[in-house]
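In the text below, chain A, chain B and the rest are named by the order of the sequence lines, each starting its count at 1.
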There are 2 protein chains.
Amino acid sequence: MRANESTGSASNAVVRDNSRDNSKGNPKPKPAAGERRLGDFLCFAIYSANLAFGRAYKKGLEELGLTYPQWIAIVALWEQDGQTVSELGEKMFLESNTLTPILKKLEQMGYLRRQRDPADERQVRISLTEAGRKLREKGMHMNLVAATGLKPDEFARLQQNVVTLRDNLIKATAEA
Amino acid sequence: MRANESTGSASNAVVRDNSRDNSKGNPKPKPAAGERRLGDFLCFAIYSANLAFGRAYKKGLEELGLTYPQWIAIVALWEQDGQTVSELGEKMFLESNTLTPILKKLEQMGYLRRQRDPADERQVRISLTEAGRKLREKGMHMNLVAATGLKPDEFARLQQNVVTLRDNLIKATAEA
DNA sequence: CCTTATTGGATCGTGTACGATATATTCGCG
DNA sequence: CGCGAATATATCGTACACGATCCAATAAGG
């Protein structure tokens, strides 16, 4: 076994502007100065945080027999029933090509119904079944606030910042 | 005939019992106590922000002929060459089952080499080729800071908060 | 040495994401 | 009314994520 790198430190973010310590590993020899490392990318922070959320939710969702996007769809439908696919897609930031398989799966599991709108047969309206609503209740207990290690006000502020970030990105992307 | 789809029985009219008829300007109808709406979930904010980042990067990455995870791998390898698959996985928060196909693709594209470590043939060491390093240079210009609509200090603080959140989640998940 | 356990990657199956495309339905306009 | 454009959803191909599992190479223990 090689001695030099069997337990490499996980990525240490080095934010240059307000260099906060977070020094827990040993610094590795850096190839160059002045270039951005992985830890400097906000997009990577979000990306990896999303993976981390997925893993944190996994256990609770397994008990429900759902995946993460499936669960989000249930929550979104519980808020308002009878949404069309594209309305749901707006909420979830997904399009029909992603949403349709998820919805078909959930329908097959008996948690929702998909039916063409008689007034406009192009549209499909989604409504939770009784089982679907029950599922939403059962998932109510899943609360990861503690796992985030954030105080309630930090939690709320961070969420608001991320939402703003997301909306700005979408706007900028649409304009470009 | 419609494409295929069996949207279930036709016997049920679309019932919109909790129809909150999203007319613009209405105050948000209050759900029962303790019930969180989609917008209240930090995990959903992160999830959708990640989607938004993917879309924002898409254009720039297309010019490089890379996907988002492929690009992250290039950046991570540029930081330190000769990493093993699992070391790279620690940085990217991915495991071999996800990483191996990505690395094989990048190898096939000529951006990196994968070779068994002679000292321990179980390990595979990854090193960027010249083309791979050039690619990293070419991608250097991709900068979405402006698109985030955040001031540099806000950007840095948000990133640090997300990193902390991620690490707390991982810790909490590992402990559970 | 020989056997067994562990480790590092790879493979497989399922489920998202998403661009490109297909198809059905409705709309607009002559 | 008829027909092309627009709309809403579905399908297809590619590429992640990830649990489960397989395999080769090494470590561990007699």
Which is true for B/Q70 with a 4.0 Å heavy-atom rule: it touches a base, it touches only sugar-phosphate, or it touches nothing?
sugar-phosphate
Base, sugar-phosphate or nothing for A/L99? Non-hydrogen atoms, less than 4.0 Å.
nothing
Is the shortest heavy-atom distance from the side chain of A/Y111 to the side chain of A/L66 under 4.5 Å?
yes
Does B/Y47 put a side-chain nitrogen or oxygen below 4.0 Å from OP1 or OP2 of C/dA17?
yes
Is there a side-chain contact between A/L64 and A/L135 (heavy atoms, below 4.5 Å)?
yes
Straight-line distance of B/R166 CZ to A/L51 CG, nearest 0.5 Å
9.5 Å
So, is B/T84 close to the C/dG8 phosphate, meaning a side-chain N or O under 4.0 Å from OP1 or OP2?
no
Check: C/dG19 base within 3.5 Å donor-acceptor of A/N97 side chain:
yes
What residues in residues 49-59 of chain A put a non-hydrogen atom under 4.0 Å from any atom of DNA chain D?
A/L51, A/R55, A/K58
Please tell me if B/K104 has a side-chain N or O lying less than 4.0 Å from either OP1 or OP2 of C/dA10.
no
So do B/L88 and B/M92 actually touch side chain to side chain, heavy atoms under 4.5 Å?
yes
Check whether any side-chain nitrogen or oxygen of A/T100 sits under 4.0 Å from OP1 or OP2 of D/dT9, and answer yes or no.
no
What contact category does A/D120 fall into here, base, sugar-phosphate, or nothing, at under 4.0 angstrom with non-hydrogen atoms?
sugar-phosphate
Donor-acceptor pair (no angle test) under 3.5 Å: A/S96 side chain, D/dA8 base:
no
Indicate, with a heavy-atom threshold strictly under 4.0 Å, whether B/T98 touches base, sugar-phosphate, or nothing.
base
Between A/R55 and B/T173, a side-chain donor and acceptor under 3.5 Å:
no
